[in-house]
Amino acid sequence: MEPVKVLFVCLGNICRSPMAEGLLQHMVAEARLTGQFQIASAGTSNYHEGDLPDRRMRETARKHGIELTSRARQLRKRDFHDYDYIAAMDRSVLRSIHDLRGQEASVRARVFLMRDYDPQPDSPDVPDPYYGGLDGFEQVYRILERSNVAFLQHLSTGTNSVPPGE
Ligand code: 4NP
């Protein structure tokens, strides 16, 4: 069977979306489902093209037993055809994704907000931790951890009650 392809998207592709990518990869491996998924991340900007994730995000991930090794790259139109799911980290990123998609008639990807899956959605956005302190990175980790649990449940069983928006 074709693997399910998931792309996480934030602004810089060095904090939130690589963390989401690393988390879901980790969860999928723990569930022994590795071959059934292809998971990646991208940024709406090209600010950090080719960079490793932010050191603070890597250190937070490492504390939780996850190594982040992806390199930043910018979202491109082809991604709408290559991926089944495109998860936006916040509403501004979601708008940029829709702008890039433009009038493209039929696309494969379902585009939605990551926190549509958060069981404790105190905001629709995964907060951008880049200009803040270390606690912001830990908060991003916690939001993405619980959102990905629900997202993976949806992907593997279809039992999650929150449908991805368009
Ligand atoms: P991210 O965080 O979108 O979660 O990767 C940011 C990283 C870099 C910048 C903004 C947000 N920046 O402006 O360089």
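Atoms within a ligand are numbered from 1 in the order they appear, just like the ligands themselves.
- At a heavy-atom distance under 4.0 Å, only side-chain atoms of Tyr131, from C-beta outward, approach ligand 1.
- Of all atoms in ligand 1, listed by their number and element, those nearer than 4.0 Å to a heavy atom of Ile14 are 5 (O), 7 (C), 8 (C).
- For the pair Ile14 and Met57, the minimum side-chain heavy-atom distance is 4.5 Å or more.
- A salt bridge links Arg108 to Asp84: one of the charged nitrogens lies within less than 4.0 Å of a carboxylate oxygen.
- Salt-bridge annotation for Arg62 and Glu67: present, with a side-chain N of the basic residue lying under 4.0 Å from a carboxylate O of the acidic one.
- His98 and Arg101 form a side-chain donor-acceptor contact under 3.5 Å, judged by distance and modelled atom types alone.
- At under 3.5 Å, not a single nitrogen or oxygen of Cys10, backbone or side chain, sits near a nitrogen or oxygen of ligand 1.
- In terms of protein heavy-atom proximity, atom 9 (C) of ligand 1 is nearest to Tyr130 CD2, 3.6 Å.
- Here the two rings, on Tyr130 and Tyr47, have centers that are 6.0 Å apart or farther.
- At a heavy-atom distance under 4.0 Å, only backbone atoms of Asn13 (N, CA, C or O) approach ligand 1.
- When side chains are defined from C-beta on, Asp125 does not count as touching Ser92, because their heavy atoms never get closer than 4.5 Å.
- His48 NE2, 3.4 Å is the protein heavy atom nearest to atom 8 (C) of ligand 1.
- Near Cys15, the atoms of ligand 1 lying under 4.0 angstrom from a non-hydrogen atom of the residue are 1 (P), 2 (O), 4 (O), 5 (O).
- The nearest protein atom to atom 2 (O) of ligand 1, hydrogens excluded, is given as Asp128 OD1, 3.3 Å; this is a heavy-atom distance.
- Glu59 and Lys63 are not joined by a salt bridge, as no carboxylate oxygen comes within less than 4.0 angstrom of a charged side-chain nitrogen.
- Backbone and side-chain nitrogen or oxygen atoms of Tyr47 are examined, and none is located within less than 3.5 angstrom of a nitrogen or oxygen of ligand 1.
- Between the Ser41 side chain and the Phe8 main chain, no donor and acceptor come within less than 3.5 Å of each other.
- Closest protein heavy atom to atom 4 (O) of ligand 1: Arg16 NE, 2.7 Å.
- The two residues Leu100 and Lys77 make their nearest non-hydrogen contact at O-CE, 3.2 Å.
- Residue-to-ligand polar distances place Gly12 within reach of ligand 1: an N/O pair is separated by less than 3.5 Å.
- Heavy-atom separations between Met89 and ligand 1 are all 4.0 Å or longer.
- For a threshold of 3.5 Å applied to N or O pairs, the pair formed by Ser17 and ligand 1 contains no separation below that value.
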